[in-house]
Colleague: 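Structure provided below as structure tokens; questions to follow.
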Amino acid sequence: MEYKTITFDKTLVEICEFNNGTEVTEYHAMIHISQPGLPFVNQLEAILNAYSLLVEQELPGAQAVFKRYFLSDAANQQDDVIVADMTDCAKSIIQQAPLDGTKIALWVYFMTGVRTSITHSGLYAVEHNGFKHLWNGSAHNLAANSEYQTRLLFNEYNMQLLEEGCTLKDNSIRTWLFVNDVDLNYGGVVRARNQFFFTQGLTVNTHFIASTGIGGRQADPNVLSQMDNYAIAGIQQEQIHYLYAPTHLNRTSDYGVSFERGTRVDYQDRRHVFISGTASINNKGEIKYPKNIIKQTERMWENVETLLAEAECTYEDVAYMIVYLRDISDYQVVRQLHQERFPGKPYVIVHASVCRPGWLVEMECMAIRKANNPALKPF
């Protein structure tokens, strides 16, 4: 894994590159604004210019397969992003304010050597070597409450997967659920997910899906639950493994929710590791170090490190990090801690409440490492 930081006009870009000499090179980029005082229209223009320069000058042959915009005020900004960004890839737009004082940040996942298209199901397909990677962003509806909205989201996603010859149980790898007022509406999201998973054969005795459930809102305040998702058509079950880290974490079903702590996906030439939103928790499901942001951050890192180790990875294999803070006043402390431990790694710290009020900080990440699995197909 190689990391570098470059600057364009009014922006700073952190890039991670995974290149093992095969057809598909993977990049993750975090694009930040370096002049926080600019009006939103100028910050958006700078972000889009930096993205264009990345593609033209720094990442030849790469194309975006997934983007996520982090906004400070979706009601006044979301439409501008939709109009300005005409890139043909899966896009997620969410109000989770970057805590460096800017109005917008952008995470982009790039690949080389792949074919892309929008499928009849509406999912964004990234194809190579018999695998079809299916991405979707910003799915939402306007049902009466968060439970009904989430139920409809999963029902629609399931129908899209079926149209692609997939199932939620066998092919879905990762979801993100953004909950408007998470303290109020997360319970409905959990009930809907639990019930829908049960109907699809996803139980504590089978498996769930790696996920982040976190505070975040859309421009329309009536959207209480928004979902991004990722699945793989053509994947075999022996390629997918679930991560538990029982010395540090309990099963999420112990406290009534249904997601996996992490998921490992193996190919002949590489391994992908998806770490769900992880906070300061122990293996009894208890919050560790209440009201102590420093200790919670350190325990969060330890938990993630243990999950990575179960997948035979370390922080050296991590491609990007997203850090969520409940209290914006904790930003400077967490930023300093993070920069000291992970210099140069693509990351963003955003304002987003975690699903339990006592959790002050949460993070997610993805790791990529070289592999040699002759019995499997290359990525």
Side-chain angles (χ1 to χ4, degrees), residues 3-16 28-55 58 64 66-85 87 91-109 137-138 176 178 180 212 214-219 226 228 293 297 320-340 342-354 360-365:
Y3 303 97
K4 65 179 177 179
T5 300
I6 58 177
T7 58
F8 297 117
D9 184 34
K10 306 179 185 68
T11 57
L12 180 146
V13 186
E14 300 153 339
I15 305 171
C16 165
H28 285 268
M30 286 288 185
I31 307 178
H32 307 270
I33 293 294
S34 57
Q35 297 183 21
L38 295 171
F40 177 74
V41 64
N42 300 114
Q43 293 195 27
L44 175 59
E45 181 182 22
I47 288 278
L48 295 176
N49 286 341
Y51 170 81
S52 296
L53 290 170
L54 266 183
V55 173
E58 302 292 331
F66 182 76
K67 289 182 175 182
R68 180 172 297 144
Y69 285 93
F70 304 92
L71 303 181
S72 63
D73 182 6
N76 287 304
Q77 299 164 351
Q78 181 174 302
D79 288 347
D80 290 345
V81 174
I82 292 170
V83 171
D85 187 343
T87 312
K91 296 188 195 77
S92 170
I93 305 172
I94 195 69
Q95 180 175 313
Q96 290 180 329
L99 287 178
D100 57 2
T102 64
K103 296 178 179 294
I104 184 171
L106 175 62
W107 161 40
V108 192
Y109 188 5
S138 295
W176 292 263
F178 302 104
N180 187 352
T212 298
I214 197 78
R217 60 159 288 175
Q218 213 195 49
Q226 177 173 303
D228 301 344
I293 186 61
T297 300
Y320 78 91
M321 297 175 174
I322 301 174
V323 181
Y324 305 97
L325 288 184
R326 169 173 283 271
D327 186 345
I328 61 175
S329 67
D330 288 328
Y331 169 68
Q332 292 297 341
V333 172
V334 174
R335 175 179 175 271
Q336 181 176 347
L337 290 169
H338 192 94
Q339 289 188 329
E340 288 173 357
F342 306 111
K345 201 176 291 290
Y347 81 103
V348 65
I349 303 176
V350 297
H351 185 210
S353 294
V354 186
L360 306 177
V361 59
E362 178 173 301
M363 70 172 280
E364 65 171 75
C365 63

Colleague: Kindly determine whether Phe40 and Leu71 satisfy side-chain contact (heavy atoms from CB on, under 4.5 Å), including the steps that lead there.
Modeller: CA-CA 10 Å; Phe40 177 74; Leu71 303 181; 4.2 Å; yes
Colleague: Report yes if some heavy atom in the side chain of Phe70 is under 4.5 Å from a heavy atom in the side chain of Ile322; otherwise report no.
Modeller: yes
Colleague: Check each of Pro98, Pro346, Cys16 against Met30 using the side chain to side chain contact (heavy atoms under 4.5 Å, CB included) test, and report the only one that passes.
Modeller: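 Among Pro98, Pro346, Cys16, the one meeting side chain to side chain contact (heavy atoms under 4.5 Å, CB included) with Met30 is Pro346.
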Colleague: Closer than 3.5 angstrom, by distance alone: can the side chain of Ser138 be matched with the main-chain N or O of Ile93 as a donor-acceptor pair?
Modeller: yes
Colleague: Does the side chain of Leu360 come within less than 4.5 Å of Val334's, by heavy atoms?
Modeller: no
Colleague: Roughly how far, to the nearest 0.5 Å, is the OG atom of Ser52 from the CD1 atom of Ile47?
Modeller: 11.5 Å
Colleague: Hey, mind stepping through His338 and Val323 against side-chain contact (heavy atoms from CB on, under 4.5 Å) and telling me if it holds?
Modeller: CA-CA 10 Å; His338 192 94; Val323 181; 4.2 Å; yes
Colleague: Hey, does Leu54 have a side-chain heavy atom less than 4.5 Å from the side chain of Phe8?
Modeller: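 Yes, at least one pair of side-chain atoms sits under 4.5 Å.
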Colleague: Taking side chain as C-beta onward, heavy atoms only, is Ile214 less than 4.5 Å from Val354?
Modeller: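 Heavy-atom side-chain distance check passes, below 4.5 Å.
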Colleague: Going from CD on Gln226 to CZ on Arg217, what distance comes out if it is rounded to the nearest 0.5 angstrom?
Modeller: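 The CD atom of Gln226 sits 11.0 Å away from the CZ atom of Arg217.
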Colleague: Does the side chain of Leu44 reach to within under 4.5 Å of the side chain of Ile104, using non-hydrogen atoms?
Modeller: yes
Colleague: To the nearest 0.5 Å, how far apart are CE in Met363 and CE in Met321?
Modeller: 4.0 Å
Colleague: Just checking, is any N or O donor in the side chain of Gln336 or Gln332 under 3.5 Å from an acceptor N or O on the other one?
Modeller: no
Colleague: Taking it one step at a time, do Lys103 and Ile33 satisfy side-chain contact (heavy atoms from CB on, under 4.5 Å)?
Modeller: CA-CA 8 Å; Lys103 296 178 179 294; Ile33 293 294; over 6 Å; no
Colleague: Are any of the side-chain heavy atoms of Asp228 and Ile94 separated by less than 4.5 Å?
Modeller: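 No, their side chains stay 4.5 Å or more apart.
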Colleague: Are Ser72 and Gln77 close enough that a side-chain donor and a side-chain acceptor fall under 3.5 Å?
Modeller: yes
Colleague: Determine the minimum heavy-atom distance between Ala219 and Ala74, stating which atoms define it.
Modeller: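 That closest heavy-atom pairing would be CB-O, 3.5 Å.
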Colleague: What's the spacing between His351 NE2 and Arg326 CZ if we round to 0.5 Å?
Modeller: 8.0 Å
Colleague: Is any side-chain heavy atom of Tyr324 closer than 4.5 Å to a side-chain heavy atom of Glu364?
Modeller: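 When only atoms from C-beta onward are counted, Glu364 and Tyr324 do touch, with a gap below 4.5 Å.
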Colleague: Answer yes if the side chains of Tyr320 and Glu14 hold a donor-acceptor pair under 3.5 Å, and no otherwise.
Modeller: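 Note: Tyr320 and Glu14 side chains miss the donor-acceptor criterion.
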Colleague: Under 4.5 Å between any side-chain heavy atoms of Asp100 and Ile349, yes or no?
Modeller: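 A side-chain contact under 4.5 Å is absent here.
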Colleague: Could you walk me through whether Asp85 and Tyr69 pass the side-chain hydrogen bond (donor to acceptor under 3.5 Å, both in side chains) test, one step at a time?
Modeller: CA-CA 11 Å; Asp85 187 343; Tyr69 285 93; 2.5 Å; yes
Colleague: Heavy-atom count check: over 12 atoms from other residues, nucleotides or ligands less than 6.0 Å from Ile328 CD1?
Modeller: no
Colleague: Taking all non-hydrogen atoms of both residues, which atom of Ala46 and which atom of Thr11 are closest, and how far apart?
Modeller: O-CG2, 3.5 Å
Colleague: For the residue pair Ile293 and Thr297, what are the closest heavy atoms and their distance?
Modeller: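 Residues Ile293 and Thr297, closest heavy atoms: O-OG1, 2.7 Å.
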Colleague: Tell me yes or no: between the side chains of Lys345 and Tyr3, is some donor less than 3.5 Å from an acceptor?
Modeller: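 Judged by distance alone, the side chains do pair up.
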Colleague: Which atom pair, heavy atoms only, marks the closest approach of Gly101 to Pro36?
Modeller: O-CB, 3.6 Å
Colleague: Mind checking whether Tyr347 and His32 have parallel, tilted or perpendicular rings, split at 30° and 60°?
Modeller: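 Tilted, since the angle between the ring planes falls between 30° and 60°.
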Colleague: Nearest 0.5 Å, please: how far is NZ in Lys10 from CG in Leu38?
Modeller: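 If we round to the nearest 0.5 Å, Leu38:CG and Lys10:NZ are 6.5 Å apart.
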Colleague: What's the separation between atom CD in Glu362 and atom CG in Leu325, rounded to the nearest 0.5 Å?
Modeller: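 Glu362 atom CD to Leu325 atom CG measures 10.5 Å (nearest 0.5 Å).
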Colleague: Passes side-chain contact (heavy atoms from CB on, under 4.5 Å), Leu53 versus Glu58? Steps please.
Modeller: CA-CA 7 Å; Leu53 290 170; Glu58 302 292 331; over 6 Å; no
